[in-house]
Amino acid sequence: MIYDIAELRIDIRNKLKYTDKFCEKYLSPDQTSKTDMVIEVTDEEFKAEKGNSSEFSDGYIENLCIYRKICNRAPEFDRFLFHCSVVEHGGNAYAFSGKSGAGKSTHSKLWLKYLPEAKILNGDKPIIGYNEAAAEDEKFIAYGTPWNGKENRGKKGQAPLKALCFIERAKENSIEKIGIGEAADRIFSQILLPTEQEAAEKTLELMDMFVRTVSAYVLHCNMDISAMQTSFRALVGREFTNNDRK
């Protein structure tokens, strides 16, 4: 079946039914036109993944392999996988990333709690795309995908990625803008770097443009409303007010 994911037409030839249900919201109404890529998991790829994930169902394992193969091909189309939580607010996207357990999902939920219009675009593994023809502050786009992480928080859609925030736990809230070098170091551990050389080189090229285009911050935070107010002020560029709660 053909799916519309991250503005790509992807022909997924799964053998097990799990992916049919998993990706159903992204099923393309056009099942005949040319596709951008064909994805099919080989027996060897399935067996290798099953050896590492034997506790999961066969359908889940095939589905995991499918997304990895999509993301390994994504750099051909100026796209890459970035491990983060993306919140959409006011037509723009804001990404929260950090080490496992740092609280990116918890902080994203604060935005949802205090900003009624905010939505999770993707809770864990969005695809980030580059559009050279777009305006300077809209060249990178965050896409929702069926792969939303363990909590399955996300939706079909896309929005220009305006800012990136790395989360670190602290008792007091503070935020600082970081330079290109530090942003690149932090991002590198959160992206999928393909094993194929050409795709890996393209991913690094995209990452270089990404850190030069999208403002990046480090948020030292606790988990109350003042943490959300601090990140909102820096990322959105204005104070959070009671009007934002409406």
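What's counted below: heavy atoms across the whole structure, side chains too, no hydrogens, waters or symmetry copies.
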Asker: So which atom in Ser215 and which in Lys177 form the shortest heavy-atom distance, rounded to 0.1 Å?
Answerer: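 Heavy atoms only, the tightest pair is OG-NZ, 3.6 Å.
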Asker: Near Lys25 NZ, under 6.0 Å, is it more than 12 heavy atoms from other residues, nucleotides or ligands?
Answerer: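 Atom NZ in Lys25 is not packed in, count stays at 12 or less.
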Asker: Would a single hydrophobic cluster contain both Leu192 and Ile5, if residues Ile, Leu, Val, Met, Phe, Trp and Tyr are joined by side-chain heavy-atom contacts under 4.5 Å?
Answerer: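 Yes, because Ile5 and Leu192 connect within a single hydrophobic cluster, where side-chain heavy atoms sit under 4.5 Å apart.
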Asker: Looking at Thr203 and Pro194, what are the two nearest heavy atoms and their distance?
Answerer: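 Heavy atoms of Thr203 and Pro194 come nearest at OG1-CD, 3.3 Å.
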Asker: Within a 6.0 Å radius of atom CD on Glu55, are there more than 12 heavy atoms belonging to other residues, nucleotides or ligands?
Answerer: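 Atom CD in Glu55 is packed in, count exceeds 12.
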Asker: Looking at every non-hydrogen atom in both residues, tell me the closest pair between Ser108 and Ile120 and how far apart they are.
Answerer: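 Looks like CB-CD1, 3.8 Å.
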Asker: Using atom types as modelled, flag every donor-acceptor pair under 3.5 Å from a side chain in residues 156-170 to any protein atom, sequence neighbours excluded.
Answerer:
{"residue": "Lys162", "atom": "NZ", "partner": "Asp137", "partner atom": "O", "Å": "3.3"}
{"residue": "Lys162", "atom": "NZ", "partner": "Asp137", "partner atom": "OD2", "Å": "3.0"}
{"residue": "Glu168", "atom": "OE1", "partner": "His220", "partner atom": "ND1", "Å": "3.3"}
{"residue": "Glu168", "atom": "OE2", "partner": "Arg186", "partner atom": "NH1", "Å": "3.1"}
{"residue": "Glu168", "atom": "OE2", "partner": "Arg186", "partner atom": "NH2", "Å": "2.9"}
{"residue": "Arg169", "atom": "NE", "partner": "Ala102", "partner atom": "O", "Å": "3.0"}

Asker: Side-chain heavy atoms nearer than 4.5 Å, only ILVMFWY residues, links allowed to pass through others: does that put Ile141 and Leu81 together?
Answerer: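 Ile141 and Leu81: one cluster.
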Asker: About how many Å separate CG of Asp58 and NZ of Lys17, when rounded to the nearest 0.5 Å?
Answerer: 14.5 Å
Asker: Mind checking the SG-CD1 spacing from Cys71 to Ile39? Nearest 0.5 Å is all I need.
Answerer: 9.5 Å
Asker: Are there over 12 heavy-atom neighbours, none belonging to Lys119, within less than 6.0 Å of that residue's NZ?
Answerer: no
Asker: Between Phe46 and Cys65, what is the shortest heavy-atom contact and its length?
Answerer: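 In terms of heavy atoms, the two residues are closest at CA-SG, 4.5 Å.
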Asker: Can you find a pair of side-chain heavy atoms, one from Lys34 and one from Arg9, that are under 4.5 Å apart?
Answerer: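 No; the side chains remain at least 4.5 Å from each other.
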Asker: Report the residues that fulfil ring-ring contact (aromatic ring centres under 6.0 Å, His included) with Tyr18, sequence neighbours left out, ordered by chain and then residue number.
Answerer: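 So Tyr18 forms a ring-ring contact (aromatic ring centres under 6.0 Å, His included) with Phe22.
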Asker: Excluding sequence neighbours, so at least two apart, what forms side chain to side chain contact (heavy atoms under 4.5 Å, CB included) with Ser54?
Answerer: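 Expected list: none.
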Asker: Would you call Glu24-Lys21 a salt bridge at under 4.0 Å N-O?
Answerer: yes
Asker: Any carboxylate oxygen within less than 4.0 angstrom of a Lys/Arg side-chain nitrogen, looking at Lys47 and Asp43?
Answerer: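 Here Lys47 does not pair with Asp43 in a salt bridge, since their nearest N and O are not under 4.0 Å apart.
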Asker: Kindly state whether the ring of Tyr114 and the ring of Phe232 have centres lying under 6.0 angstrom apart.
Answerer: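 No.
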Asker: State whether a side-chain donor-acceptor pair under 3.5 Å links Asn122 with Trp147.
Answerer: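 No.
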Asker: So which atom in Met37 and which in Phe77 form the shortest heavy-atom distance, rounded to 0.1 Å?
Answerer: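 Closest approach of Met37 to Phe77: CE-CE1, 3.6 Å.
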Asker: Are Lys69 and Glu45 within salt-bridge range, i.e. N to O under 4.0 Å?
Answerer: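 Result for this pair is yes, salt bridge flagged.
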Asker: Verify the cluster assignment for Val38 and Tyr26: are they in a single hydrophobic cluster under the rule of side-chain heavy atoms below 4.5 Å apart?
Answerer: no
Asker: Rounded to the nearest 0.5 Å, what separates atom CG in Leu8 from atom OG1 in Thr145?
Answerer: 12.0 Å
Asker: State plainly whether the residues Arg73 and Asp36 are in salt-bridge range, i.e. N to O under 4.0 Å.
Answerer: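 No, this pair does not count.
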Asker: Pick one: which of Leu112, Leu110, Leu219 meets side chain to side chain contact (heavy atoms under 4.5 Å, CB included) with Met228?
Answerer: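 Of the listed residues Leu112, Leu110, Leu219, the side chain to side chain contact (heavy atoms under 4.5 Å, CB included) partner of Met228 is Leu110.
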Asker: Starting at CD1 of Ile175, measure out to CG of Leu235 and round the result to the nearest 0.5 Å.
Answerer: 5.5 Å
Asker: Is it the case that one hydrophobic cluster holds both Leu193 and Leu64, taking links as side-chain heavy atoms less than 4.5 Å apart, direct or via other members?
Answerer: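 Different clusters: Leu193 never reaches Leu64 through Ile, Leu, Val, Met, Phe, Trp or Tyr contacts under 4.5 Å.
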Asker: Minimum heavy-atom separation for Asn148 and Leu121, please, with both atom names.
Answerer: OD1-O, 4.2 Å
Asker: Using side chain to side chain contact (heavy atoms under 4.5 Å, CB included) as the criterion, list what pairs up with Asn173, not counting sequence neighbours.
Answerer: Cys221, Asn222, Asp224, Ser226, Ala227, Thr230
Asker: Quick one: side chain to side chain contact (heavy atoms under 4.5 Å, CB included) partners of Met1, sequence neighbours excluded?
Answerer: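 Met1 satisfies side chain to side chain contact (heavy atoms under 4.5 Å, CB included) with Tyr3, Leu27, Gln31 only.
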Asker: Could you go through Ile70 and Ile10, starting from their C-alpha distance and side-chain angles, then the distance that decides it, and tell me whether this counts as side-chain contact (heavy atoms from CB on, under 4.5 Å)?
Answerer: CA-CA 8 Å; Ile70 290 172; Ile10 304 176; 3.9 Å; yes
Asker: Would you say Glu176 has more than 12 foreign heavy atoms packed within less than 6.0 Å of its CD?
Answerer: yes
Asker: For atom CZ of Phe188, is the number of surrounding heavy atoms from other residues, nucleotides or ligands below 6.0 Å larger than 12?
Answerer: no
Asker: Do any side-chain atoms of residues 86-99 form donor-acceptor pairs under 3.5 angstrom with protein atoms, and if so which ones, sequence neighbours left out?
Answerer:
{"residue": "Glu88", "atom": "OE1", "partner": "Lys155", "partner atom": "NZ", "Å": "3.0"}
{"residue": "Ser97", "atom": "OG", "partner": "His83", "partner atom": "O", "Å": "3.0"}

Asker: Do Asn14 and Asp20 get their side chains close enough for a donor-acceptor pair, meaning under 3.5 Å?
Answerer: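 Yes, because at least one side-chain N or O of Asn14 sits under 3.5 Å from a partner of the opposite role on Asp20.
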Asker: Nearest 0.5 Å, what's the CZ-CD1 distance between Phe210 and Ile191?
Answerer: 10.0 Å
